[in-house]
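Protein chains get the first letters and strands the later ones, always in sequence-line order, with residue 1 at the start of each.
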Amino acid sequence: MTVRSLFGRKLEYLFSFDLDLAWARRGPHRAVAPGGVITSQAHDFATLRDADKPLVYNAHGESRVLSDEALTGRVEFAQDTIRYVPQSDFADVLGRVVLKTDDQQTIQGEYTGVVRAGRSWYALRSGFGDARVSELKRAAVETKAHVRIRFETGSTKYRWIVGYQCVGFGRFLLCHGEPAAAMFDIYALDEPVLTSTS
Amino acid sequence: MAHIYAGAALPRRTELFDRDMLYLFSYDANLEMRRDEVGFVPGGLRVNISARPNETRVYHVASERSTLGFNAVQGTVTWGVDRALVRCDDIGLLDVRLTIRTDDGATIYSWYEGLFPSGPRGYRKLISEQPLLGKERSPFTAAVYITPRYETNHEKYRWLMEYQCIGIGRVSIIKSLVRSASFDIYAMD
């Protein structure tokens, strides 16, 4: 077996969005299913005034990313389903976000991933009637969240984003054991362009 | 639920979250086991590609025995199949299931989606153009990206389930057929 060196890798920052999940909320709906406790909720931010909708923005203030115009706008809709894995310090998450750019183009993102909070998570989700856990449940717990996300759009201007496998590094804020905020930085996985050796 | 913030539009951050990619392992798969040409379906061309069983080695490029404080994953891919769709907009989508058998007897199941940007007119090149893409002595190589998750009941490797992973890879194409794929797998942290 030939041992090779690692392939080059690059994360290209695209944009960020931060959601207050207490607003325009429908749900949560909970169920105990094989594999864990599932909670789902949706947020129709489109019902809010434009100025109140969550922002899609470039944290560096860049006007261009990946040789294209940077994506800025608002989040119109978000839906997430979290499956709390028993006896574990993580949860599976999947969901969908619908973005509307400042120039009124619609982009949908679908994501799956994990939410990790370490030991505080396990105590938060599994303990009942324990004074320490009760105190923890009153507090806001920040968890790491990592997702894979792909985008689709019919917009010619933003079509470039469809061709990238993207990932999100973020945080979920849990309050009273439920997601109260979600914040993500979105990156595209990028590598050198196609090369032909023929 | 009480509102934590004054409104749904949270203040802009100027600092990005930490973004670490922690290297886990690599593998180089021979994909010449089986190929089902499902054919043209809505959106593109569907083809199922299977790896040769027990021929793909899972290894650490630096031969380290531990990673992230846990046992490094070393073993063999016992089975794997990619239900690929080459879209007519020049994007290849991967949908893979595979099983790893570690050297110490653990079974790890993996599933992932991925993306293979075939470049401008890549779809046409793959399905119709002459000459065929890639030659035996000089294959056409292209970048491919995957986002695997893992499942196992083995206590030594349960830590893998907590991570969303990223795979950075290369596919090798000869006569317009994918012959092999190599990946480096990282955990997002």
Side-chain angles (χ1 to χ4, degrees), chain A residues 1 3-9 11 13 16 18-20 22-25 43 45 48 51-55 57 59-60 74 85 88-90 112-114 116 140 144 146-148 150 162-165 167 169-171 173 175-176 178 180-181 183 185 187 189 191-198, chain B residues 1-5 7-21 23 26 28 57 59 61 63 89-91 93 112-115 117-119 122 131 133-135 137-143 145-147 149 158 161-164 166 168-170 182-184 186-189:
Chain A
M1 181 185 75
V3 178
R4 53 173 175 79
S5 56
L6 294 174
F7 299 122
R9 66 186 194 276
L11 291 176
Y13 172 64
S16 301
D18 306 319
L19 310 176
D20 182 339
W23 287 89
R25 180 189 184 121
H43 307 275
F45 298 113
L48 304 176
D52 292 332
K53 294 176 186 175
L55 286 168
Y57 62 97
H60 295 153
R74 301 277 179 175
V85 181
S88 297
D89 295 338
F90 71 98
T112 62
V114 294
R116 292 162 53 216
K144 284 188 176 182
H146 300 123
V147 300
R148 54 150 290 274
R150 285 199 52 246
V162 176
Y164 286 96
Q165 176 65 62
V167 293
F169 289 82
R171 299 288 186 272
L173 194 65
C175 190
H176 310 298
E178 297 196 353
M183 294 161 279
D185 301 325
Y187 296 81
L189 297 178
E191 275 293 292
V193 296
L194 289 175
T195 57
S196 174
T197 56
S198 61
Chain B
M1 169 191 294
H3 295 279
I4 295 180
Y5 304 103
L10 302 183
R12 293 172 189 250
R13 291 178 285 115
T14 55
E15 295 287 329
L16 299 178
F17 297 120
D18 291 341
R19 57 190 185 281
D20 293 320
M21 289 171 58
Y23 173 68
S26 300
D28 310 309
R57 186 73 190 149
Y59 61 94
V61 292
S63 301
D89 61 353
D90 301 328
I91 295 170
L93 297 180
Y112 55 84
E113 296 182 350
L115 190 146
S118 61
L133 205 60
K135 299 176 182 175
R137 291 190 176 183
S138 54
F140 183 91
T141 59
Y145 311 100
I146 61 174
T147 51
R149 292 283 311 279
R158 285 182 64 85
M161 299 203 295
E162 296 189 19
Y163 290 93
Q164 174 64 60
I166 297 170
I168 307 293
R170 295 285 186 277
S182 299
F183 292 100
D184 300 327
Y186 299 83
M188 295 175 69
D189 194 21

Practice item. Anything under 30° is parallel, anything over 60° is perpendicular, the rest tilted; go ahead and classify A:His60 against A:Tyr13. Key: tilted
Exercise for review: Answer with side chain, backbone, both or neither: which region of A:Tyr187 has an atom nearer than 4.5 Å to a non-hydrogen atom of chain B?
Suggested key: side chain
Check your understanding: How many angstroms lie between CD in A:Gln165 and OH in B:Tyr145, if you round to the nearest 0.5 Å?
Key -> 10.0 Å
Exercise for review: Sort A:Arg171 into side chain, backbone, both or neither according to what part of it lies under 4.5 angstrom from a heavy atom of chain B.
Suggested key: both
Review point. A:Val147 versus chain B, heavy atoms under 4.5 Å apart: side chain, backbone, both or neither?
Key: backbone
Review point. Who are the side-chain hydrogen bond (donor to acceptor under 3.5 Å, both in side chains) partners of B:Asp184, not counting sequence neighbours?
Key: A:Arg4, B:Ser26
Revision key, fill the gap. Rounding to 0.5 Å, atoms CE (B:Met188) and CG (B:Asp18) come to a distance of 12.5 Å
Check your understanding: Is it the backbone or the side chain of B:Tyr163 that comes under 4.5 Å from a heavy atom of chain A, or both, or neither?
Key -> both
Study note, to complete from the structure: Applying a strict 4.5 Å limit to non-hydrogen atoms, the region of B:Asp90 in contact with chain A is neither
Exercise for review: Examine whether an atom of B:Ile91 lies under 4.5 Å from a heavy atom of chain A, and if so say whether it belongs to the side chain, the backbone or both; otherwise answer neither.
Suggested key: side chain
**Study point:** Non-neighbouring partners of B:Arg149 that pass side-chain hydrogen bond (donor to acceptor under 3.5 Å, both in side chains), sequence neighbours left out
**Key:** A:Asp92
